[in-house]
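In the text below, chain A, chain B and the rest are named by the order of the sequence lines, each starting its count at 1. Quick note: numbers below take in every heavy atom, side chains included, and nothing from hydrogens, waters or symmetry partners.
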4 protein chains.
Amino acid sequence: MSPLNRQQQLDQIRDERREQIKQAALKIFARRGYTGTKTSMIAKEASISEGLIYRYFNSKEELFITLVEELMEEAKRELKYVGYLPGTPFEQIRTLTKNMLDDNNMYAFMLMERARTADDVPDKVTQIFEEATNVLIDPIIPIFVKGQESGEFSPGEPRKMLSWYFTIINSLLTQEKIDEEFGLPDADVLIRILTN
Amino acid sequence: MSPLNRQQQLDQIRDERREQIKQAALKIFARRGYTGTKTSMIAKEASISEGLIYRYFNSKEELFITLVEELMEEAKRELKYVGYLPGTPFEQIRTLTKNMLDDNNMYAFMLMERARTADDVPDKVTQIFEEATNVLIDPIIPIFVKGQESGEFSPGEPRKMLSWYFTIINSLLTQEKIDEEFGLPDADVLIRILTN
Amino acid sequence: MSPLNRQQQLDQIRDERREQIKQAALKIFARRGYTGTKTSMIAKEASISEGLIYRYFNSKEELFITLVEELMEEAKRELKYVGYLPGTPFEQIRTLTKNMLDDNNMYAFMLMERARTADDVPDKVTQIFEEATNVLIDPIIPIFVKGQESGEFSPGEPRKMLSWYFTIINSLLTQEKIDEEFGLPDADVLIRILTN
Amino acid sequence: MSPLNRQQQLDQIRDERREQIKQAALKIFARRGYTGTKTSMIAKEASISEGLIYRYFNSKEELFITLVEELMEEAKRELKYVGYLPGTPFEQIRTLTKNMLDDNNMYAFMLMERARTADDVPDKVTQIFEEATNVLIDPIIPIFVKGQESGEFSPGEPRKMLSWYFTIINSLLTQEKIDEEFGLPDADVLIRILTN
DNA sequence: AATGAATGAGGATTCATTCAT
DNA sequence: AATGAATGAATCCTCATTCAT
């Protein structure tokens, strides 16, 4: 095997391992919160030794912050594209809502919500959310306004209505233990909050 | 002072202290979750020494479970009275919703919600909620059905709609850090979920 | 017991405990260096639990730094008084030398010397010594010069000669395992370095 | 290339690598002590991977012991030749002193001294020094006695005077951080200890 | 009843050592 | 022979709980 390949191979291992740790951490942090998550749990979930975590992250805190930052970036990216989705404003926001409720994103939103909500997280995380609240809502405002103008959405201060709407969705996602019988509410029901 | 009075006085001190500890614990558990709460924080909030907690509760776990049980009992009691509130079913449920969102009850609901959703709580608490879910919704179902019949509420499986509705309200209450600008959503907006 | 007495009693316990920990730490740090000293060793030497150390010092590092700082202060204080000792400059410096070699001060000098010498100490300690080197020698210089003038001491740049002299004494003190047969060199022999 | 040459080549690589590791280890152990030295530091100083150390030494402990033993052997060898150096006993011992203080030998003496004085070294090392103390001094005694007889050295129990003298020199060598301005004391000043 | 000093089990983190490549 | 990823025992530190006063 050529030296180049060898290096590539190691890089790949590192990338995979890092990803593996982040996935495991995401799952546990989302369910048990920052303090409730023990590094041993993350190691077990990732099927690695506890020590290995520290070759990839300097501390539990750094791991947590990294997760929050990356998820936040991704969220921002996604929200920018809502305006380019097909359909009316109502349909665009319904699609966004559906995506948020999707199983694949669930842990991410749960973690974000816990991170935003809980008082036992690193200060830096608190900061990130203080700075970012509007960043998430701003790109949706023009869409919502267009929907109000066309009568699809009910009147009301747009920023306020959207803040409430996303607060509800986010907080829903925090819950791992959703009612087993009925699961999470439909996007169709949730969007009623905006339509009256 | 007679021995009896003396005894009564001591009992009263004990009751007051116990209540004081519970109030402090409620506040901190609600904000920081079970693991995130240190007994030292509770002691500080209650302005007592750390050791004193253990004259009133055998352990942090027992204190937490006691809180959850008592709050649960209270919730059950309140729900039974919804049917006797004045007004139409819609108005009754709106009043209930308002009460739940009220500042005075907030910590209680926050704690309950955290207790219900988090994975880092004592097993016993998990059990309590597994057994109790329906207990909370059942007494409201007939009211909701009446509202559907009178056209105040939109159609749909009652247990499902109410489960979603309360899931939303509960999950909202988890959030200590509500948007500072807008606060929690109005009961009037939330109830749209049931009315369409 | 009056509340005041109670408070005094607690203060005394705290003072004693703190002193006890410092004494134990001094002994172990002096012999095993910073890294070689485990908190468990300090606890054992002080006959307390490992955890208790942390009610008195925030970290092993803080404990070490505290020791160094306090010993340094004491050293400075003592050196100021050398000029007021009875006798000629030669006799004054011989007395100082004897004091330094005294068993009671030994651990203190050993620790200081290790702290000054080793590369595995907290940065702050390195700084302290960088700033302090001259502070220790300066008050002795005039005494030495007087001795040179009177012919008691051999000629040579005073700061240089004294720097060498104290380097030797300090470094001697680092050694716990002194030759069992002969012990540390006499002050009378050491002072030859200055007299020729 | 013949198999033999191939083998020789490999042997040579092995020897070089082993030497390289020992040199690096010497430098770090000398400065940071046994416990304060991490294998990763040695690897970095030797510009090799951490794992490679273990193809040449079974453990950090073995590496340390090996160093001490080899340096000790070398020291013994050198001391034997002091009597054959040119000049009077005084001049012979001054030359020895100069050699000891020489930069090239410095790390070796530093390590030896740390190994001798510190309490955090493997037991075997402690033993080596317990057995060897006299070995170092013995060959110098007749030289010193000759010097006393000729009046070059001051009177006094020879073993005692030499023990003190070498204790001083050794302990000086422990110090990596010598006063930057003046460096280590001259051999000419040190030897005053023996001359009065 | 109340305090706060003390304990020790458990959690985060480090580092000597092993192992697959 | 050499690398560096991986392990886990040992270390520093925290915190629920106990105990002397």
Query raised in the report: Parallel, tilted or perpendicular for Phe29(C) and Phe64(C), by the 30°/60° rule?
Result: perpendicular
Report task. Could you tell me whether the phosphate oxygens of dC13(F), OP1 or OP2, come under 4.0 Å of any side-chain nitrogen or oxygen in Tyr54(C)? Result -> yes
Report task. To the nearest Å, give me how far apart CD1 (Ile48(A)) and P (dT13(E)) are. Result -> 14 Å
Query raised in the report: How long is the line joining CD of Glu61(A) and P of dT13(E), in whole Å?
Result: 9 Å
Report task. Kindly say if Arg14(C) contacts the phosphate of dA5(E), meaning a side-chain N or O under 4.0 Å from OP1 or OP2. Result -> yes
Requested in this report: Describe the nucleic acid contact of Ser47(C) in one word from base, sugar-phosphate, nothing, applying a heavy-atom distance below 4.0 Å.
Outcome: nothing
**Report entry** Residue-phosphate contact under 4.0 Å: Arg17(A) side-chain N/O, dA6(F) OP1/OP2
**Finding:** yes
**Report entry** Distance (rounded to the nearest 0.5 Å) between Thr37(C) OG1 and Asp120(D) CG
**Finding:** 8.0 Å
Report summary line: Taken to the nearest whole Å, CZ/Arg18(B) to P/dA2(E) is 14 Å
Report task. Take Thr35(B) and Ile13(D), find for each the nucleotide of DNA chain F with the closest heavy atom, and name the residue whose nucleotide sits nearer the 5' end. Result -> Ile13(D)
Report summary line: Out of dT7(E), dT7(F), dA2(F), minimum distance to the side chain of Leu52(D) belongs to dA2(F)
**Report entry** Distance-only donor-acceptor check, side chains Asp11(A) and Gln7(A), under 3.5 Å
**Finding:** yes
**Report entry** Atom-pair distance (NZ on Lys60(C); P on dT14(E)), nearest Å
**Finding:** 13 Å
Query raised in the report: Just to confirm, is there a sub-4.0 Å distance from OP1 or OP2 of dA6(E) to any side-chain nitrogen or oxygen of Tyr56(C)?
Result: yes
Requested in this report: Return the value, rounded to whole Å, for the distance between atom CZ of Arg55(B) and atom C1' of dA20(F).
Outcome: 14 Å
Query raised in the report: Between the side chains of Glu16(D) and Gln20(D), does any donor sit under 3.5 Å from an acceptor?
Result: no
**Report entry** Euclidean distance, atom CZ of residue Phe57(B) to atom C1' of dA16(F) [Å, nearest integer]
**Finding:** 16 Å
Query - 5′-ward residue of the pair Lys38(B)/Leu10(A) relative to DNA chain F - result: Leu10(A)
Query raised in the report: Does dA20(E) have a Watson-Crick or wobble mate here (both distances under 3.5 Å), and if so which one?
Result: dT3(F)
Query raised in the report: According to a strict under-4.0 Å criterion, is Thr39(B) in side-chain N/O contact with OP1 or OP2 of dC15(F)?
Result: no
Query raised in the report: If you find the nucleotide of DNA chain E closest to Glu50(C) and the one closest to Ser59(A), which residue's nucleotide is nearer the 5' end?
Result: Glu50(C)
Report summary line: In whole angstroms, the gap separating C1' of dC15(F) from CZ of Arg32(B) amounts to 14 Å
Query - Side-chain donor-acceptor pair present, Thr39(A), Glu50(A), cut-off under 3.5 Å - result: yes
Query raised in the report: So what does Ile53(A) hit on the nucleic acid, given a heavy-atom distance under 4.0 Å: a base, only sugar-phosphate, or nothing?
Result: nothing
Report summary line: The answer to which of Asn58(D) and Gly51(C) contacts DNA chain E further toward the 5' end, by nearest nucleotide, is Gly51(C)
Report task. Please report, rounded to the nearest Å, how far the P atom of dC15(E) is from the CD1 atom of Ile28(D). Result -> 14 Å
Query raised in the report: About how many Å separate CD1 of Ile48(C) and CD1 of Ile42(C), when rounded to the nearest 0.5 Å?
Result: 9.0 Å
